Amino acid sequence: DARVTQTPRHKVTEMGQEVTMRCQPILGHNTVFWYRQTMMQGLELLAYFRNRAPLDDSGMPKDRFSAEMPDATLATLKIQPSEPRDSAVYFCASGGTGGQYQPQHFGDGTRLSIL
Amino acid sequence: QKEVEQDPGPLSVPEGAIVSLNCTYSNSAFQYFMWYRQYSRKGPELLMYTYSSGNKEDGRFTAQVDKSSKYISLFIRDSQPSDSATYLCAMSAFGNQFYFGTGTSLTVIP
């Protein structure tokens, strides 16, 4: 089965440090989504891309978060500087091409702890 | 008010019970309705999806959509311990951007 791959699976770092999370979408998928999941808020959409172009990043704190797709096989989410309130699980999902509805397939997430 | 509301539970049932999970929503433009299952320390996996109103059945799982009431349900028949997970509903108006519920935690007791 094709899968979305996220690295690292776990990250613990101190406040103020830069954090980079990576995602390899399913080959052939042209939409990529970044979500943050917390107990209180559930899944929150941070940003999404279609054909590597950012379509919506309104869910992302712009002063510290940035998302990019350097190429079709890699999406990155960076936090600089990191803060304790950024502690959460970050998920990447990808969706296929064609048709109005395309299910999103999730990776297993990066569990981030900021001390 | 959130776009999608879901009772977080937790829900605990004996093995073999029928489980009913529900979500309500406010945006009448939603037309795609999904249920995801999420095991501990894993990403959500798509369980079922329906387009517009009606029922859809897949094995022990039945998804129902009532657009007039803005209410969707997932029924699990003959629940198994392996069904223990968090279930998230998700909705979309145009197919790409999904709006998720916060999830309902389900435990099926052997």
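Please read these numbers as outputs of a predicted model, since none were measured by experiment. Chain identifiers are assigned alphabetically (A, B, ...) following the order of the sequence lines, protein sequences preceding nucleic acid strands; residue numbering begins at 1 within each chain.
Two residues are said to be in side-chain contact when any heavy atoms from C-beta on lie closer than 4.5 Å; Tyr36(B) and Phe106(A) meet this criterion. Proximity of Gln38(B) to Gln37(A): side-chain heavy atoms (C-beta onward) are separated by under 4.5 Å at one or more points.
Contact of Gln41(A) with chain B is made through backbone and side chain together, with heavy-atom distances under 4.5 Å.
Ile72(B) is connected to Tyr99(B) through a chain of hydrophobic side-chain contacts under 4.5 Å among Ile, Leu, Val, Met, Phe, Trp and Tyr, so both are in one cluster.
Applying the 4.5 Å side-chain rule to ILVMFWY residues, one finds Val4(A) in the same cluster as Ile26(A).
When all heavy atoms of Phe91(A) and Lys42(B) are compared, the closest pair comes out as CZ-O, 3.7 Å. Residue Pro44(B) comes nearest to Leu43(A) through the heavy atom pair CG-CD1, 4.2 Å, listed as atom of the first residue, atom of the second, then distance. Taking every heavy atom of both residues into account, Pro103(A) and Leu46(B) meet most closely at CB-CD2, 3.4 Å. Listed here is the closest heavy atom pair of Arg9(A) and Arg41(B): NH2-O, 3.3 Å.
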Would Phe100(B) and Tyr35(A) count as a side-chain contact (heavy atoms from CB on, under 4.5 Å) here? Give the steps.
CA-CA 11 Å; Phe100(B) 284 85; Tyr35(A) 291 91; 3.5 Å; yes

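Surrounding CG of Leu115(A) are more than 12 heavy atoms belonging to other residues, nucleotides or ligands, all under 6.0 Å away.
Listed by chain and number, the residues in a ring pair (Phe, Tyr, Trp, His ring centres under 6.0 Å) with Tyr49(B) are Tyr101(A) (sequence neighbours excluded).
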